[in-house]
Each structure stands twice: as C-alpha cells, then as structure tokens.
Protein chains: 2
Amino acid sequence: MASIPELEEIRRNQILEAALSTIAETGAAHVTMDDIAQAAGLSKGGLIHYYRSKNELFQATFKELFERIFELSRESMAQHSDPMEKILAFDFLYDLENPYTRQGYPLLFDSMALAAREPDYQAMFDAWVDRWIELLTGAIRQGIADGSFVEMDPDPLARTISAIYHGIAIRWYLAPRSHSSEWAVNSFRTAIGGAMAPYRKKTGQDAEKGQGTGNTLMEMNRNPAA
Amino acid sequence: MASIPELEEIRRNQILEAALSTIAETGAAHVTMDDIAQAAGLSKGGLIHYYRSKNELFQATFKELFERIFELSRESMAQHSDPMEKILAFDFLYDLENPYTRQGYPLLFDSMALAAREPDYQAMFDAWVDRWIELLTGAIRQGIADGSFVEMDPDPLARTISAIYHGIAIRWYLAPRSHSSEWAVNSFRTAIGGAMAPYRKKTGQDAEKGQGTGNTLMEMNRNPAA
DNA sequence: CGCCACCGACCAGCCAGTCGGTTTTCCGAC
DNA sequence: GTCGGAAAACCGACTGGCTGGTCGGTGGCG
C-alpha cells in the first residue's frame, strides 16, 4: 500500500468521495457522521481524526462539489473554439446518463438551502458563480475581439446566461414529468440565443449559426397548437 | 372572540402562519415542533392536536407557501391587460422591500431541497410550476388570439419563461453582492424578450414595445467595457 | 356530566463529539 | 537487520443534549 506522506491526502479524498455520495443520497439534513465514516471505510473516530467536526467536513465537501462542477464546465467549454459555441457548451447539465448529474443535483439543492441561511455557504455559492461567470465573460470577450459580438460590458450578460442555465436545470431536475431533456436543451438555446441577439453581429456564417442555435424551440413549437 | 365552528380553521391558519415564519427563520432542517408551537401561541400538545406529525405540518406549510406565491403571481399578472406585459409582470420577485420575499425565498430553497429527494414534495413543486405555467400559457394564448404572437404551442415557451424567472431569482437572492435588483429586472426583460422574439409579430406599436422591453440590458451595458 | 381544546412532563431514540485504548508505521540505535 | 519505543492512525463505547411523539390530566363550555 502506498503510504506515508500522501496518506493524509488519500484519506481526505476517500472521505470527501464518501461524503459526496452519502450526502447526495441521504440529504445534508439527515446524514450522520457514522454513515459517512462507514462509506469511507473508516470508523467514526477515524473520520473525526481527519475532519474535526461535521461542519468542517460539510464545508470541505461542498467546496469539493463546486470545484468539480466548475471543472466539468471548464472542460466542456474548452472543447469549442467559437465563442458562441463556448457559451452554449453547457448542455452536459441536462444529461441524465451522466453519473455526476445524479449526484450533483441533490447536493446543489442542499447547498442552496444552506446558502440561503449560512453566510459561509453563501460565500461559497457566490464564489462558484463568479468562477462560472469568468468562463463566460472570457468567451464573450473573445467574441468581441474577433468581431462576432458588439462592444459591451460582458459581466451582466454572462450572469444572465448563467442564471438561465441554472433556472432550466432546476425545472429539468425537479419536475422531469413536464420538463424533458429535449425541452431543456431547446430551451436554453432559444433563451440564451435571444438574450445575446442584440449583441451579435451578422457576418454571414455567424448569422446562419445564429438561426441554428436560436430557433430550435421554434421548430419544436411547430406542432399544432391548442 | 369568535368561536366554535370556525375555531379549527382559525387555529390551523395561526399555526401555518407560525410555521411559515419559523421555518423561514430557522430552516426546515432545524426547526422543532416546540419552536412552531410557541410561535403560534400554543403548547406542543396543542399543536399536535391539529397536526398529528411534523411531516403533516410541513406538507401543509409548504402547500400554503406555494398557494401564496401563486396568488401573488396571479394578482400581479391581473394588473395588466396586454399579453406581453402580463408575461413580464413578475418583477415583484425581485423586490427586497416586499416582506413576503424575505420569508418566501428561504422557504422555497428548503422546498426544493426536499423536492430533490422526497416524492411528496416533488409533486407539490411540480403542481406549483404547472399552475404558474397555466398563467403564462393563458397570456400567450391571448397574445396569439389578438395577433401579437404567431401560432404555436405555448407550453414549452411558458416553461422557458418561468425557468428564466426562477434562475434569475436564485442568483439575485443567493449572491446579492454581484446580482442587484436592477440587474435582475433588466436581465429577465432581455432574456424573456429574447426568447419571445421569434414569436412576436411586428405590428407598429407592438414592435416599439418590444424594443422597450427587450433591450434594457443593452442600455445598461453601454458603460465602458474592460 | 361529558366532550373538546389544550397542556406539559415524560420517554425513547438519535447523534455529534469525547476519550481511553489498540494497532500500525517509522526511525534511530545497536 | 532487528529491536525498541514513540508517534501517528484508527477504533468504538460512551455521554450529554436534543427532539418527536405519547399520555394522563385540566379547565371550560354546553
């Protein structure tokens, strides 16, 4: 067994992994230290050796959660080079197959309930949003530089885009009966396409791309209406 | 004191009122029956006389919450006659002055965390969304009928609009440092205006109205960019 | 006199964190 | 290379506090 100086880090990762899945299953309101310790293959005493209180463990766990979501976002965006495609790269949020999804959403809901009351968690949420915003403002700035978008302050627009993703995610996860993955994808495309429309320059291929990304819901809606 | 047959309803309302404010303050995860009983001016025994278990009380409380939010939405929308204005009538969501806001948001976050795991709460959330959607589809249908909007299935569009409101609300409440009320209002106007753009017919005064509601963020962005 | 609303002491279960103890690992001395 | 001992890692019984729900009781009203 690998040992000595890395042990601490290995254990902490083991514990965080266990905490993430246990809290996702049981809910932050009901998990016990014992649950997490057992899931990590430790006793309660062993767990406490690494995280001295439940609160300490929780904060580390949610920090890890935000870290992971951010990392996924960064990677998804990095797969594109066109600024508009970068902005629309977050469809992994609406993928049921993704195991991170099943784990991430319950945790995210817990983290928001915590953030609504506890300043520490609010600060974490705030910081996570800001990192997400940085990704988006980066893409927007790139679009301004290459002439796809007009000159503007990218920050409020990035926050709008991010909020749209988030709002659709909530509906998609909490009310799947009436909000399919297809709806979610079409929905964020139209909404974000629409919010960006005033800032996009029509330069031939861009205009075409705009139609393709901006009007999917329109096609979806071409069914006979009531 | 009014008495006898109305007593039960009076007490139940008293208790729900107390539950709403106590849970909003303390959080669903930490309130105790005693807390709620005291806030309602009863003993724990008295409380249990009306709601036999914590779960029963919680469900009734969150049902009441959704009822109230819906009622506010309905009233806000009813103050407008133009369909596009109806759709944009929910700016009360971003009003810090409104005491319902301070109470409603924490409860809403709790309800979502519950809905992420408990089917009963998920069903409540789902039903609440559907009622909201009915309001919006009503407005959209009106717009189709009077020629403001093109023919379409209003349901997915209404869900997109509703999700945009929700997403912006979350950011506005949980990260107020970087998401002002002004941002929230401008944001939902651009995003919803953008999402609706493909369906709006330009009929003179409507086109003008469309500019006014759809481009507020654009003006906001006219500050010097980085 | 009986019923209904209400009270609050009590019980039983749960759980975070403590603590005394055991095992494992490491390292220097021989 | 091995032995001793100290420190670190880990264990799990235990405690103290909390809380949901029970239950025997009380007062008031009809």
Side-chain angles (χ1 to χ4, degrees), chain A residues 1-63 110-111 113-114 117-118 120-121, chain B residues 1-62 110 113-114 117-118 120-121:
Chain A
M1 199 190 291
S3 65
I4 322 176
E6 309 93 347
L7 214 207
E8 168 131 6
E9 210 192 321
I10 290 171
R11 283 280 180 278
R12 292 186 106 96
N13 283 339
Q14 229 174 55
I15 291 169
L16 287 184
E17 199 68 54
L20 285 166
S21 74
T22 314
I23 298 176
E25 263 177 48
T26 315
H30 297 121
V31 242
T32 69
M33 289 300 239
D34 263 315
D35 291 342
I36 297 170
Q38 279 186 28
L42 289 174
S43 70
K44 198 205 283 203
L47 170 58
I48 294 273
H49 182 73
Y50 289 98
Y51 291 96
R52 272 175 297 181
S53 74
K54 195 181 188 179
N55 187 47
E56 194 179 321
L57 172 57
F58 265 40
Q59 298 217 14
T61 304
F62 283 105
K63 241 173 206 137
D110 278 339
S111 80
L114 288 166
R117 275 173 260 266
E118 314 239 9
D120 285 347
Y121 290 92
Chain B
M1 199 191 290
S3 66
I4 319 177
E6 309 92 346
L7 214 206
E8 169 130 5
E9 211 192 320
I10 291 172
R11 283 282 180 277
R12 292 187 105 96
N13 283 339
Q14 228 174 55
I15 291 169
L16 287 183
E17 199 67 55
L20 284 166
S21 75
T22 313
I23 298 176
E25 261 177 49
T26 313
H30 298 121
V31 243
T32 69
M33 287 298 205
D34 264 314
D35 290 341
I36 297 170
Q38 280 186 29
L42 290 173
S43 69
K44 199 205 286 202
L47 170 58
I48 295 273
H49 181 74
Y50 290 99
Y51 292 96
R52 271 176 297 181
S53 73
K54 195 181 189 180
N55 187 47
E56 195 179 319
L57 172 58
F58 264 41
Q59 298 215 15
T61 304
F62 283 107
D110 278 340
L114 288 166
R117 273 173 263 264
E118 314 239 10
D120 286 347
Y121 290 91

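First the proteins, then the strands, lettered A, B, ... as listed; each starts at 1.
- Put simply, CZ on B/R12 is 13 Å from C1' on C/dA5, counting in whole angstrom units.
- Among the nucleotides D/dA9, C/dT18, C/dC7, the one closest to any side-chain atom of A/I48 is C/dT18.
- The side chain of A/T32 has C/dA16 as its nearest neighbour among C/dA16, D/dG21, D/dC10.
- Listed candidates were D/dC10, D/dG20, C/dC7. Nearest to the side chain of B/M33 is D/dG20.
- Minimum atom distance to the side chain of A/S53 is reached by C/dG17, of the listed C/dA16, C/dC6, C/dG17.
- No side-chain donor-acceptor contact under 3.5 Å links B/R11 to the backbone of B/L47.
- No hydrogens or angles were tested; on distance alone, a donor-acceptor pair under 3.5 Å links the side chain of B/K44 to the base of D/dG21.
- Atom CZ in B/R52 sits about 14 Å away from atom P in D/dC23, given to the nearest Å.
- For C/dC6, the OP1/OP2 oxygens have no side-chain nitrogen or oxygen of B/H49 closer than 4.0 Å.
- Atom CD of residue B/E6 and atom CG of residue B/N13 lie 12.0 Å apart, to the nearest 0.5 angstrom.
- Here the C1' atom of nucleotide C/dT23 and the CG atom of A/L42 are 14 Å apart, to the nearest Å.
- In this structure, NE2 of B/H30 is placed 14 Å from C1' of D/dG17, rounded to the nearest angstrom.
- Taking the side chain of A/K54 as heavy atoms from C-beta on, and the options C/dC7, C/dG17, C/dA5, the nearest nucleotide is C/dG17.
- When rounded to the nearest whole Å, the span between CD1 of A/I10 and P of D/dC10 equals 10 Å.
- The shortest distance between side-chain heavy atoms of B/Y121 and B/D110 does not fall below 4.5 Å.
- Each of A/I10, A/L57, A/T61 was checked for a side chain to side chain contact (heavy atoms under 4.5 Å, CB included) with A/I15, and the lone residue meeting it is A/L57.
- Residue A/E56 contributes atom CD, which lies 14 Å from atom C1' of C/dA16 at whole-angstrom precision.
- The nearest whole Å value for the distance from the CG atom in A/D34 to the P atom in C/dT18 is 15 Å.
- An OP1 or OP2 oxygen of C/dG17 is reached within less than 4.0 angstrom by no side-chain nitrogen or oxygen of A/Y51.
- A/L47 comes within 4.0 angstrom of no nucleic acid atom, judged by non-hydrogen atoms across all strands.
- One atom, CD of A/Q14, and another, P of D/dA9, lie 14 Å apart when rounded to the nearest Å.
- Taking the nucleotide of DNA chain C with the nearest heavy atom to each of A/G45 and A/V31, the more 5' of the two is matched to A/V31.
- The environment of B/K54 atom NZ is dense: over 12 non-hydrogen atoms of other residues, nucleotides or ligands sit within 6.0 angstrom.
- Regarding contacts with the backbone of D/dC10, a side-chain N or O of A/R11 is found under 4.0 angstrom from either OP1 or OP2.
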